[in-house]
*Asks:* 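Sharing a structure below in structure tokens format, with a few things to ask.
None of these values were measured; they are calculated from a predicted model.
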Amino acid sequence: GAVVSQHPSRVICKSGTSVKIECRSLDFQATTMFWYRQFPKKSLMLMATSNEGSKATYEQGVEKDKFLINHASLTLSTLTVTSAHPEDSSFYICSARDLSLLLAGGETQYFGPGTRLLVL
Amino acid sequence: AQTVTQSQPEMSVQEAETVTLSCTYDTSESDYYLFWYKQPPSRQMILVIRQEAYKQQNATENRFSVNFQKAAKSFSLKISDSQLGDAAMYFCAYRSRAVQGAQKLVFGQGTRLTINP
């Protein structure tokens, strides 16, 4: 089956620093990737939709200058948390939509394993 | 805007028994997808089952089946012969199928399922 990887799986950083999280589709092309945030024992909250070659679409209330998203290729999207603060500590999950399935009329999103961010 | 509601924060079932998780949603659209995702302790999201709204037949995947009631906007998940590995957080999700519609998944609050041996 299709695999989506995230790197790093967990990261600890100091307050004020920036952290980059990578999301890769390993065996398929994804024109669209999604970034979610999940608090403990809570549901997934969509932060932004990342489209290859264009600007990301952010959900209401998500600071685009705080959470920078770059989708430079059909297999890679990055989320950079800039000037991280303790309240940014969370579990971040990406998902990717398979372009070939989409073109064939299907629809499946594949999720990455998530990245746990702890800001001290 | 679409919303998804899971009214059962926690459920438990004896191993080998059957359990049903509830999900209701609200939408003005007629064409959409509904999903059930499983999130085990590893936190990896796993697709359990998918239903296209235009299909009247309920989707099934081995021990997992859904009861899709479009008029009632209800989409419950039935797990038969529950196994210890089924213990997880289960999320119901909605996605518009309209070309101009939002392509994002809308998740419910989740139901934590415990399997008792």
*Asks:* Are B:Y90 and B:L84 co-members of a hydrophobic cluster defined by side-chain heavy atoms under 4.5 Å apart?
*Replies:* yes
*Asks:* How would you list, by chain and number, every residue that makes a side-chain hydrogen bond (donor to acceptor under 3.5 Å, both in side chains) with A:S95, sequence neighbours excluded?
*Replies:* A:Q109
*Asks:* So for atom NZ, which belongs to B:K78, do other residues, nucleotides or ligands contribute more than 12 heavy atoms lying within a distance under 6.0 Å?
*Replies:* no
*Asks:* Say whether A:F91 and A:V81 are linked into one hydrophobic cluster, either directly or through other cluster members, by side-chain heavy-atom distances under 4.5 angstrom.
*Replies:* no
*Asks:* Using side-chain contact (heavy atoms from CB on, under 4.5 Å), reason through A:Y36 and B:L105 one step at a time and then give a plain yes or no.
*Replies:* CA-CA 10 Å; A:Y36 298 87; B:L105 285 169; 3.7 Å; yes
*Asks:* Write out, in numerical order, the residues from residues 56-64 of chain A with a heavy atom short of 4.5 Å from a heavy atom in chain B.
*Replies:* A:E59
*Asks:* Give, as side chain, backbone, both or neither, the part of B:E52 having an atom under 4.5 angstrom from any heavy atom of chain A.
*Replies:* neither
*Asks:* Under 3.5 Å, sequence neighbours excluded: what are the donor-acceptor pairs made by side chains of residues 42-51 of chain A?
*Replies:*
residue	atom	partner	partner atom	Å
A:S43	OG	B:G108	O	2.6
A:S50	OG	A:H71	ND1	2.8
A:S50	OG	A:S77	OG	3.1
A:N51	OD1	A:T32	OG1	3.2

*Asks:* Same cluster for B:Y94 and B:F64 if Ile/Leu/Val/Met/Phe/Trp/Tyr side chains link at under 4.5 Å?
*Replies:* yes
*Asks:* I need the minimum non-hydrogen distance between B:K104 and A:F34, along with the two atoms involved.
*Replies:* CA-CE2, 4.0 Å
*Asks:* Taking all non-hydrogen atoms of both residues into account, name the closest pair between B:R43 and A:I93 and its distance.
*Replies:* O-CD1, 4.5 Å
*Asks:* For B:F107, is it the side chain, the backbone, both or neither that has a heavy atom under 4.5 Å from a heavy atom of chain A?
*Replies:* both
*Asks:* With hydrophobic residues grouped by side-chain heavy-atom distances under 4.5 Å, do A:Y110 and B:V48 end up in a single group?
*Replies:* no
*Asks:* Show me the side-chain donor-acceptor pairs of residues 109-117 of chain B shorter than 3.5 Å, one per line, residues at least two apart or across chains.
*Replies:*
residue	atom	partner	partner atom	Å
B:Q109	OE1	B:Q6	N	2.9
B:T111	OG1	B:Q6	NE2	3.3
B:T111	OG1	B:Q8	O	2.6

